[in-house]
Amino acid sequence: MQIVKIDTAPFSEQRPGTSGLRKKVRIFQQPHYLENFVQSIFDTQQALVGGTLVVGGDGRYYNREATQIILRMAAANGVACVIVGQGGLLSTPALSCLVRKYNAQGGIVLSASHNPGGPDEDFGIKFNAANGGPAAEAVTEAIYQRTTEINGYQTLESAEIDLDHIGASRLDGMQIQIIDPVTDYAALMQTLFDFDCIRRLLTSSHFRMRFDAMHAITGVYATRILEEMLGAPAGTVINSRPLPDFGGGHPDPNLVHAHELVHMTQGHNGVDFAAASDGDGDRNMILGQNFFVTPSDSLAIIAANAHLIPGYQQQKIDGVARSMPTSQAVDRVADKLGMDCFETPTGWKFFGNLLDAGRITFCGEESFGTGSSHVREKDGLWAVLFWLNLLAVKQQSVATIVQDHWREFGRNYYTRHDYEGVDKAAATHLMQDLRNRLGSLPGRQMQGHTVEYADDFAYTDPIDNSRSEHQGLRVGFTDGSRIIYRLSGTGTQGATLRVYLETYEATPEKQQQATASVMAPLVSIAQELAQIVQKTGRDNPTVIT
Ligand code: VG1
Ligand code: CO
């Protein structure tokens with residue numbers, strides 16, 4: 001087969017954000033656009049030459065075409081073996097599992113995660129390193145630098161590659177292995193959780209659950225694991241068929257976008273347990289009957305109950321980590337149980353070194369991401385299985401487990417307000433202006449709250465000492481409440497301002513209030529401090545989670 005070298009010129013703005021390069025599909029469809037980025041990966045990741053690469057995506061529009069392009073380029077660039085999920089499909093955590101299990105030199109995830117899909121929506125590509133996790137900032141920066149100077153890429157002239165039949169084939173000198181996307185991942189889950197115990201729960205007539213795959217990748221995984229392996233009744237998994245446009249929805253598991261599922265938990269007849277995952281299967285939302293578990297609480301509860309779960313009860317849990325805007329609920333658990341607790345910038349890549357060094361076992365983000373040392377990505381179904389195992393062992397409702405946790409550790413009320421599609425310049429100005437005023441805030445009184453500290457969060461990785469600056473503006477109050485401001489790094493249109501709010505309540509009698517009313521004073525302080533209405537022209541956030 002003929003290797004061809006195609007001349008190109010650089011595209012601007014191919015810098016990966018919080019989680020890979022995300023753009024509108026039409027941008028990715030421009031001739032050479034995807035190719036330039038992929039060649040920049042091969043040019044900077046020399047270990048891939050003669051090595052193994054894992055490739056798969058969440059099934060969104062352009063997944064198949066992109067997979068074809070990457071396989072041809074991999075062969076032309078001397079990759080020895082590519083492992084691909086059947087149909088070009090792999091969830092993000094399953095890809096991480098495969099990279100680790102088969103000692104691959106890296107992985108390429110095709111996904112824009114929770115962003116909508118379709119010809120007019122979003123596509124994305126992310127490079128994962130040999131540890132199975134999102135590449136560190138130094139690596140993504142090197143890839144980006146390469147995109148700014150690239151002048152050509154290598155590919156093969158070949159017929160369409162068959163992605164649908166499991167088995168091995170060759171493309172020029174490269175081996176292609178099409179594998180079942182679920183098998184290895186499911187086997188890993190079996191080593192962590194008590195499947196017999198979960199099966200008893202799922203087949204009991206007293207327990208009803210629903211899992212919403214939101215027409216995205218976890219439909220494939222959840223149907224196999226929950227219904228086929230664990231015996232949950234058919235129909236437990238809803239919206240189970242992955243669709244290129246996710247059925248027109250936002251595959252984002254939160255109270256707003258997974259409202260169909262939320263509805264199923266409400267009222268006397270609401271199901272006992274419900275969960276949802278996002279486009280690429282790394283996020284999770286956990287619900288009980290008439291009850292929502294915040295992702296921050298979920299992380300804290302997982303850490304506090306690890307001793308009840310087979311995969312974690314043999315080991316001492318040395319540490320946990322959370323992204324900076326995630327509530328401090330897990331800090332309380334770490335404090336009480338004698339674990340280290342790390343506060344990292346937003347994005348899973350910042351957990352990688354801590355996990356690799358064995359410093360932490362569990363980590364999570366307020367954005368519906370929870371995970372552990374079993375892979376190097378957040379893992380939606382893992383969290384669902386953890387909760388199911390916990391419910392099966394404790395024989396209590398979701399609400400009881402969470403409320404007991406609050407009683408023991410206190411409750412961190414939490415909410416996040418997103419202002420989407422804000423004018424970029426206005427959002428940047430808002431952040432800059434607030435940054436300039438941070439120094440004057442300590443000591444200031446606002447609606448009964450006193451500012452204790454205000455800073456621009458920066459992080460030094462304790463393992464490799466790499467430094468990441470400007471990771472969000474923090475305003476902390478003397479009563480432990482916090483307001484955090486950040487601009488999203490995953491959006492594809494304008495800017496998204498995220499405002500994260502948290503307040504702590506130690507008194508059990510005060511732990512049963514509605515979040516919105518408890519947070520109201522902080523919300524108004526947050527608006528006033530950053531002059532959100534004046535600077536963005538928005539009276540209200542687009543999404544509240
Ligand atoms: C968001 C979340 C962040 C998460 C990232 C990727 O980033 O806030 O916590 O790691 O998405 O998640 P940002 O920069 O938009 O706030 V996923 O499931 O989209 O890969
Ligand atoms: Co995701």
Side-chain angles (χ1 to χ4, degrees), residues 15-22 56-60 90-96 107 109-117 121-128 133-135 137 140 213-214 216-218 221 246 250-254 257 276-285 294-296 299 321-327 343-352 363-371 375-383 416-422 427 431 457 468 470-473 484-500 542-543 545:
R15 180 180 254 134
T18 313
S19 181
L21 180 69
R22 287 188 194 172
D58 63 8
R60 69 178 56 228
L90 282 176
S91 77
T92 291
L95 178 132
S96 185
V109 185
L110 300 169
S111 172
S113 190
H114 56 289
N115 297 12
E121 299 294 351
D122 293 352
F123 192 74
I125 176 167
K126 183 173 71 144
F127 178 67
N128 279 28
E137 272 193 327
T140 55
M214 304 187 87
I217 191 74
T218 46
Y221 292 82
F246 309 117
H250 237 89
D252 197 352
N254 60 40
H257 294 303
S277 192
D278 70 332
D280 62 329
D282 56 359
R283 297 187 178 204
N284 73 91
M285 174 169 69
T294 70
S296 300
L299 172 64
R322 61 166 171 83
S323 68
M324 183 273 281
T326 302
S327 100
E343 183 177 46
T344 58
T346 295
W348 212 259
K349 58 183 163 221
F350 294 103
F351 296 132
C363 43
E365 297 190 278
E366 50 64 44
S367 54
F368 298 83
T370 3
V375 288
R376 293 293 178 274
E377 289 277 6
K378 55 188 184 277
D379 189 343
L381 259 177
W382 170 87
R416 181 177 110 183
H417 287 203
D418 290 339
Y419 297 78
E420 294 176 341
V422 173
M431 291 294 284
F457 182 60
S468 303
H470 305 306
Q471 298 296 321
L473 306 179
I484 287 134
Y485 302 85
R486 257 189 85 240
L487 295 185
S488 158
T490 58
T492 57
Q493 220 159 27
T496 294
L497 170 68
R498 303 201 196 285
V499 184
Y500 311 80
T542 337
V543 181
T545 50

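This structure is a prediction, so every number in the text was calculated from the model and none was measured. Both ligands and their constituent atoms are indexed starting at 1 by order of listing.
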As an exercise, identify every atom of ligand 1 less than 4.0 angstrom from a heavy atom of [X].
X      : answer
Ser19  : 6 (C), 20 (O)
Gly347 : 10 (O)
Arg498 : 8 (O), 13 (P), 15 (O), 16 (O)
Thr346 : 3 (C), 8 (O), 9 (O)
Arg22  : 17 (V), 19 (O), 20 (O)
Gly489 : 13 (P), 14 (O), 15 (O)
Asp278 : 18 (O)

task: At a cut-off of 2.8 Å, list the protein N/O/S atoms near the Co ion (ligand 2), residue plus atom name.
output: Ser113 OG, Asp278 OD2, Asp280 OD1, Asp282 OD1

- prompt: Would Asn284 and Thr370 count as having a side-chain donor-acceptor pair, cut-off 3.5 Å?
  reply: yes

field: Donor + acceptor pair across side chains of Asp278, Ser113 (<3.5 Å)
entry: yes

Quick check: does [X] get an N/O under 3.5 Å from an N/O on ligand 1?
X      : result
Ala112 : no
Tyr500 : no
Lys378 : yes

Using side-chain heavy atoms (C-beta onward) and a distance below 4.5 Å, is [X] in contact with [Y]?
X      : Y      : result
Trp382 : Val375 : no
Pro93  : Lys378 : no
Phe246 : Ile217 : no

Can you tell me which residue and heavy atom of the protein come closest to [atom], and the distance to 0.1 Å?
atom                    : result
atom 10 (O) of ligand 1 : Glu365 OE1, 2.7 Å
atom 11 (O) of ligand 1 : Arg283 NH2, 3.0 Å
atom 2 (C) of ligand 1  : Ser367 OG, 3.5 Å
atom 17 (V) of ligand 1 : Ser113 OG, 2.8 Å

Is there a donor-acceptor pair closer than 3.5 Å between any side-chain N or O of [X] and the backbone N or O of [Y]?
X      : Y      : value
Asn128 : Thr92  : no
Ser323 : Thr344 : no
Tyr221 : Leu381 : no
Glu365 : Gly347 : yes

task: Taking all non-hydrogen atoms of both residues into account, name the closest pair between Arg376 and Ser96 and its distance.
output: N-OG, 2.9 Å

statement: Between Met431 and Leu497, the two heavy atoms sitting closest are SD-CD1, 4.1 Å

field: Region of Thr490 that comes within reach of ligand 1 [heavy atoms, distance under 4.0 Å]
entry: both

- line: Hits for side chain to side chain contact (heavy atoms under 4.5 Å, CB included) against Ser19, two or more places apart or cross-chain, chain-then-number order -> Arg22, Lys126

message: Any atom of ligand 1 sitting under 4.0 Å from a heavy atom of Ser323?
response: no

task: May I ask whether Arg486 has any heavy atom positioned less than 4.0 angstrom from an atom of ligand 1?
output: yes

query: Are the charged groups of Asp280 and Arg60 less than 4.0 angstrom apart, N to O?
result: no

